[in-house]
There are 2 protein chains.
Amino acid sequence: MADNAQDVCSEYGVSVEEDAVHLRDSLLEVAGLSELFKVLADETRTRILFLLSKRELCVCDLALILEMSLPAVSHHLRLLKVMRLVAYRREGKQVFYSLDDEHVVELISVAGKHFGEMRETGGRNG
Amino acid sequence: MADNAQDVCSEYGVSVEEDAVHLRDSLLEVAGLSELFKVLADETRTRILFLLSKRELCVCDLALILEMSLPAVSHHLRLLKVMRLVAYRREGKQVFYSLDDEHVVELISVAGKHFGEMRETGGRNG
DNA sequence: GTAACAATTAAACAATCGTTTAATCGTATG
DNA sequence: CATACGATTAAACGATTGTTTAATTGTTAC
């Protein structure tokens, strides 16, 4: 019967019908993962994490480099703290942040590799 | 002078001042990467990509498994097409989609590893 | 204690995003 | 050609998100 059939919809393909349960269950494997991608979905946060992977920086340094307002930077750092991606320590009036996660750089690296290969093969020019 | 100094701000730390240029330039390395993370930032899209990494599926199959409306699924697939992450072929009335990118599964894998280790060490309980 | 600076927080606003509903397109069938 | 079904598109709506502005907290120096 339908062994590797792939249609379902109305015409009772039944195909996936059995697999549907299995496939739906398998979604547990990726449950919640998008929360991490949400963090990197903002260009500013990707930049912050990338900078912090190079060296420890205080908030006003980041604001200077990124040419952004202090509250804006602080706002992003708050999320990074909640997600436990950065560590911070107070030194006088300043607060220094550093990267506290090993997977972030890996994710950035893979994404970079992706667009790198994209440019070689994919490009939409001739 | 300031060699590994890390303060700047107003009190003329000058520290990063030189590095600021270098650090700002280095941001080119991560320019645009968040576009890929934006795709995965939505739980539904992560699920779709994950399902397509397991087998080819038509739109109504996805709608069935994800328990979502057809337009909603189609809407997400549109973005995945634009981003060249999926391939598609028409077969009669149905359109079958499949994963057409090797990095997506890698990203999902790393994210999964992240939360996996998070649960071991990080947990917010004692 | 006051002043100055770094940082955080809160409220307000614009902009973006995802779903729904309805309409349209494409293909197969009678 | 009309009907049915799968898929896409468009408009509309609600919800979320990121930045700005202003106010507040924490620390150092006078």
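Here the structure is a predicted model, which is why all the values come from computation and not from measurement.
Across the protein-nucleic acid pair, B:Tyr88 atom OH and C:dT27 atom P stand 13 Å apart, rounded to whole Å. Put simply, CG on B:Leu70 is 14 Å from C1' on C:dG26, counting in whole angstrom units. Between the C1' atom of D:dT19 and the CD atom of A:Glu67 lies a distance of 16 Å, rounded to the nearest Å. As rounded to whole Å, 12 Å separates atom P of D:dT19 from atom CG of A:Leu77. What separates CZ of A:Arg47 from P of D:dT19 is a distance of 11 Å, to the nearest Å. Look at NZ on A:Lys93: it is 11 Å from C1' on D:dC30, rounded to the nearest Å. Separating the CG atom of B:Leu62 from the P atom of D:dA7 is a distance of 9 Å, rounded to the nearest angstrom. Whole-Å rounding puts the A:Arg90 CZ to D:dT27 P distance at 5 Å.
The 12-atom threshold is not exceeded at OH of A:Tyr88, counting heavy atoms of other residues, nucleotides or ligands nearer than 6.0 Å.
Within the nucleic acid shown, A:Tyr97 comes within 4.0 Å of sugar-phosphate atoms alone, with no base atom in reach, counting heavy atoms only.
Put simply, the side chain of B:Ser53 gets close to the backbone of B:Phe50: a donor and an acceptor are under 3.5 Å apart. The main-chain N or O of B:Phe96 is never found under 3.5 Å from a side-chain atom of B:Arg89 such that the two would form a donor-acceptor pair.
Distance from the side chain of A:Cys60 is smallest to C:dA7 among D:dT8, C:dA7, C:dG26.
The nearest pair of heavy atoms linking A:Glu43 to B:Leu33 is OE1-N, 4.5 Å. The heavy-atom pair separating B:Lys38 from B:Arg45 by the smallest distance is O-NH2, 3.1 Å.
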Taking protein heavy atoms under 4.0 Å as touching, what does nucleotides 9-21 of chain C look like 5' to 3' if B marks base contact, S marks sugar-phosphate-only contact and - marks none?
-> B--------SBBB
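Using bins of under 30°, 30° to 60° and over 60° for the plane-to-plane angle, the ring pair B:His114/A:His103 lands in the perpendicular bin.
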